[in-house]
Q: 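Structure below; questions to follow.
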Number of protein chains: 2
Amino acid sequence: MATPDDYRARIGAAGERLTPAERRVATTVLDDPRAVGFGTVAELADRAGVGVGTVVRLADRLGYRGFTELQRAVRRDLARQLRPAVERIRDGRPDPDAVADHIELQLDNVRATLEAADPGMLARVADRLADLERPVAVLSGDASTGVARHLLDQLTALRPGVVAVDGNAVAVARTLAVLPPDATLLVVDLRRYDRWVVDTARDAAERGWSVVAVTDGELSPLAAVAADVFVVTAASLGPFDSHVGTLALGDLLVAMTARRLAASAAERLDAVERQWQLRRSLTLD
Amino acid sequence: MATPDDYRARIGAAGERLTPAERRVATTVLDDPRAVGFGTVAELADRAGVGVGTVVRLADRLGYRGFTELQRAVRRDLARQLRPAVERIRDGRPDPDAVADHIELQLDNVRATLEAADPGMLARVADRLADLERPVAVLSGDASTGVARHLLDQLTALRPGVVAVDGNAVAVARTLAVLPPDATLLVVDLRRYDRWVVDTARDAAERGWSVVAVTDGELSPLAAVAADVFVVTAASLGPFDSHVGTLALGDLLVAMTARRLAASAAERLDAVERQWQLRRSLTLD
DNA sequence: CTCGATCCGGAACATGATTTCCAGCGTACA
DNA sequence: TGTACGCTGGAAATCATGTTCCGGATCGAG
């Protein structure tokens with residue numbers, strides 16, 4: 001909840017105009033506002049590895065009268081965060097677009113989705129995703145394309161043998177045909193289940209694949225065909241289901257998989273990194 | 001949560017021994033510790049309606065060396081409450097598959113991201129996304145492809161004139177060239193900013209487009225070129241940044257846009273629905 | 001009613017922090 | 001290569017804040 005006088009905005013606005021040393025201070029401030037709210041100029045300067053003068057100059061540059069005023073701004077912000085939730089929610093305007101409700105809802109989606117995940121099942125699935133002998137295929141309904149893609153990208157970064165199942169009917173058939181019968185199929189689809197997704201999943205299950213479903217209820221048709229089922233909570237105030245919980249679950253699976261792949265994944269990530277550096281495709285930061 | 005040196009406990013222990021005026025101060029301290037953590041002796045004394053001497057005497061009576069030490073104790077306590085989830089988790093045991101830690105972290109990501117979003121900016125951006133006169137282009141870095149895709153899909157379902165900016169350099173150039181100069185560009189990219197994404201965004205801004213950035217810090221190069229910047233919190237225990245907060249923010253924007261488009265979007269959604277029914281591409285549920 | 005003890009508020013003082021200012025250093029440009 | 005400019009760190013000056021201390025007020029006991 002930004003204030004008319006949000007120090008973060010000021011840092012953003014000052015943006016590129018900052019000198020290297022000032023930027024180090026700014027980064028430190030953004031990184032840990034507590035260091036500013038509670039500490040002294042000398043402490044902050046020390047932490048950022050600069051002289052006290054630089055700290056004061058940064059405050060000036062941001063339009064504050066001096067460090068003291070910057071500190072006041074940061075403290076106001078911290079104090080707001082400390083306020084009990086009820087109070088915080090109230091201080092928005094009389095709920096025009098109900099941001100507070102969205103927050104509550106999304107928090108609930110994440111919490112409910114992750115809490116509902118059985119630890120044993122999580123471990124089993126992560127084991128399978130980390131099993132380099134078995135290829136992994138990712139399949140999703142139309143509404144889940146984005147999150148499935150995200151999951152796919154991350155798994156691909158971690159290990160070889162990850163493929164997307166999509167495109168036209170011919171492509172899907174070919175993908176399925178090519179993979180060995182001990183492959184793992186990760187299928188994501190909510191509510192208005194796409195027929196072809198369910199059919200494809202059933203097909204894969206019949207071929208003997210391990211099918212892992214991420215869907216929105218035990219009664220989902222996907223639950224019937226999958227060996228492991230994660231149930232996500234997708235409540236939303238908008239017209240579409242929320243996939244925030246789904247993504248949180250995906251992240252968890254990815255993290256668990258990464259841990260299992262420790263060495264080989266690090267190596268793989270390094271290789272990607274080297275390519276990036278080589279091509280200069282990332283900005284220097 | 002209790003520290004060996006919890007000021008609350010000390011006040012409780014001193015309990016009855018306090019004089020009336022001291023008690024007023026103690027009550028004020030318990031009531032709103034922020035007044036102590038952030039304020040000065042004079043302020044606290046004023047707020048409690050006592051003299052500065054009394055405040056100092058209370059600190060003495062509680063066994064602190066003076067007000068300064070009491071303030072330190074209170075600040076330590078406040079600082080703990082303010083700690084981001086990553087930090088809170090880190091100082092516990094490094095639990096490997098700890099689902100609870102992930103929950104904690106992702107909740108924090110969602111909360112921090114949505115709370116940091118300025119209501120005014122949200123409204124402004126939603127207005128623009130709902131402006132059917134202006135086309136919307138969506139651009140994203142490699143790591144954000146999935147969430148950007150999700151956002152794109154949902155916006156497309158709500159309104160016409162939404163395009164993805166991706167593919168090869170030629171395709172990007174064409175996309176940019178074709179769109180009118182009052183278009184809106186929604187760009188999503190975190191940390192290791194892809195150079196071409198930043199360049200493209202800058203280009204769009206120079207053409208006069210409204211650039212809305214979703215990125216991970218005020219000092220992100222995207223923040224420098226965008227008119228509106230949303231800062232997401234992306235802490236993660238895995239090897240990749242978490243995009244859960246990003247997605248939650250996207251959902252919020254989509255919901256706000258949908259509300260503004262009320263009638264026309266409903267019509268559009270109905271049209272999609274009719275097509276689905278017609279093709280029997282959804283399972284009956 | 002008077003005395004004494006305790007409590008309290010505020011002024012003077014001391015401490016510690018911030019600000020101001022300057023000199024050194026690196027760098028870009030001629 | 002020389003020069004000018006901007007950046008930086010730190011020392012001295014200035015300011016704010018905590019602490020100490022004292023005079024006055026209140027209350028109860030004798």
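Bear in mind the structure is a predicted one, so any value in this text is a computation, not a measurement.
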Q: For Arg174(B), check side chain to side chain contact (heavy atoms under 4.5 Å, CB included) against everything at least two apart and list the hits.
A: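 Result, side chain to side chain contact (heavy atoms under 4.5 Å, CB included) vs Arg174(B): Ala171(B), Val178(B).
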Q: Do side-chain atoms of Gln154(A) reach the backbone of Val254(A) as a donor and acceptor pair under 3.5 angstrom?
A: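 Flag not set: sc Gln154(A) to bb Val254(A) has no pair under 3.5 Å.
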Q: Are any protein N/O atoms closer than 3.5 Å to N/O atoms in nucleotides 24-27 of chain D? If there are, list each pair with its distance.
A:
none

Q: Collect all protein-nucleotide pairs involving nucleotides 14-18 of chain C in which both atoms are nitrogen or oxygen and the distance is under 3.5 Å.
A:
unit_1, atom_1, unit_2, atom_2, d
dT18(C), OP1, Val41(A), N, 3.2
dT18(C), OP2, Val41(A), N, 2.9
dT18(C), O3', Thr68(A), OG1, 3.3

Q: Scan for salt bridge (Lys or Arg N to Asp or Glu O under 4.0 Å) pairs involving residues 222-248 of chain B, sequence neighbours excluded, and state none if there are none.
A: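 Those involving residues 222-248 of chain B are Arg124(B)-Asp228(B), Arg128(B)-Asp228(B), Arg191(B)-Asp241(B).
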Q: Any side-chain to backbone donor/acceptor pair from Thr27(A) onto Arg23(A)? Under 3.5 Å, distance only.
A: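 It does hold such a pair.
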Q: Go through the structure and list residues passing side-chain hydrogen bond (donor to acceptor under 3.5 Å, both in side chains) with Arg61(A), not counting sequence neighbours.
A: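 By the side-chain hydrogen bond (donor to acceptor under 3.5 Å, both in side chains) rule, Arg61(A) matches Glu22(A).
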Q: Go through it in stages, so that I can follow the logic: the residues are Ser236(B) and Ser242(B), the test is side-chain hydrogen bond (donor to acceptor under 3.5 Å, both in side chains), and I'd like the CA-CA distance, side-chain angles, deciding distance and then a yes or no.
A: CA-CA 5 Å; Ser236(B) 167; Ser242(B) 162; 6.0 Å; no
Q: With sequence neighbours left out, what residues match Phe38(B) under ring-ring contact (aromatic ring centres under 6.0 Å, His included)?
A: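 Phe38(B): ring-ring contact (aromatic ring centres under 6.0 Å, His included) contacts with Phe38(A).
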Q: Please enumerate all residues that pass side-chain hydrogen bond (donor to acceptor under 3.5 Å, both in side chains) together with Arg8(B), with sequence neighbours excluded.
A: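 Asp77(B).
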Q: Could you state the atom-to-atom distance from CG of Leu44(B) to P of dG18(D) in whole Å?
A: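 Atom CG in Leu44(B) sits about 10 Å away from atom P in dG18(D).
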Q: Between Leu18(B) (CG) and dT6(C) (C1'), how many Å, whole number?
A: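 After rounding, the gap between these two atoms is 15 Å.
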Q: Regarding Asp199(B) and Arg195(B), does a basic nitrogen lie under 4.0 Å from an acidic carboxylate oxygen?
A: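 Here Asp199(B) does not pair with Arg195(B) in a salt bridge, since their nearest N and O are not under 4.0 Å apart.
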Q: Any pair with a residue in residues 14-37 of chain B that passes ring pair (Phe, Tyr, Trp, His ring centres under 6.0 Å), sequence neighbours left out, goes on the list, sorted by first then second residue, please.
A: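 Residue pairs passing ring pair (Phe, Tyr, Trp, His ring centres under 6.0 Å), neighbours aside: none found.
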Q: What integer distance in Å separates Glu69(A):CD from dT19(C):C1'?
A: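 Atom-to-atom, Glu69(A) to dT19(C), this comes out as 14 Å.
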Q: To the nearest angstrom, how far is Arg65(A) atom CZ from dA16(D) atom P?
A: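 So the CZ-P distance, Arg65(A) to dA16(D), works out to 12 Å.
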Q: Send over the distance from Phe38(B) CZ to dT17(D) C1', rounded to a whole Å.
A: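 To the nearest whole Å, that distance equals 18 Å.
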Q: Can you list every stem that DNA chain D is part of, counting only runs of 3 or more consecutive Watson-Crick or G-U wobble pairs with both distances under 3.5 Å?
A: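 Output for stems: C:1-30 with D:1-30.
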Q: Could you list the residues that satisfy side chain to side chain contact (heavy atoms under 4.5 Å, CB included) with Asp166(B), not counting sequence neighbours?
A: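 Asp166(B) satisfies side chain to side chain contact (heavy atoms under 4.5 Å, CB included) with Ala164(B) only.
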Q: Could you list the donor-acceptor pairs under 3.5 angstrom formed between side-chain atoms of residues 41-60 of chain A and any protein atom two or more places apart in sequence or on another chain?
A:
unit_1, atom_1, unit_2, atom_2, d
Arg47(A), NH1, Asp32(A), OD2, 3.3
Thr54(A), OG1, Arg57(A), NH2, 3.3

Q: Before accepting this row, confirm whether a basic side-chain N of the pair Arg10(B)/Asp6(B) lies closer than 4.0 Å to the acidic partner's carboxylate O.
A: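 Looking at Arg10(B) and Asp6(B), the cut-off is not met.
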Q: Where do N or O atoms of nucleotides 21-29 of chain C meet protein N or O atoms at under 3.5 Å, pair by pair?
A:
none

Q: Please report the distance, rounded to the nearest Å, between CG in Asp60(B) and P in dC7(C).
A: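 About 14 Å, once rounded to whole Å.
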Q: Separation of Arg24(A) atom CZ from dT8(D) atom C1', in whole Å?
A: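 Interatomic distance, CZ of Arg24(A) to C1' of dT8(D): 10 Å.
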Q: Looking only at side-chain N and O atoms, does Thr19(B) come under 4.0 Å of OP1 or OP2 in dC8(C)?
A: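 Looking at the OP1 and OP2 atoms of dC8(C), one of them is under 4.0 Å from a side-chain N or O of Thr19(B).
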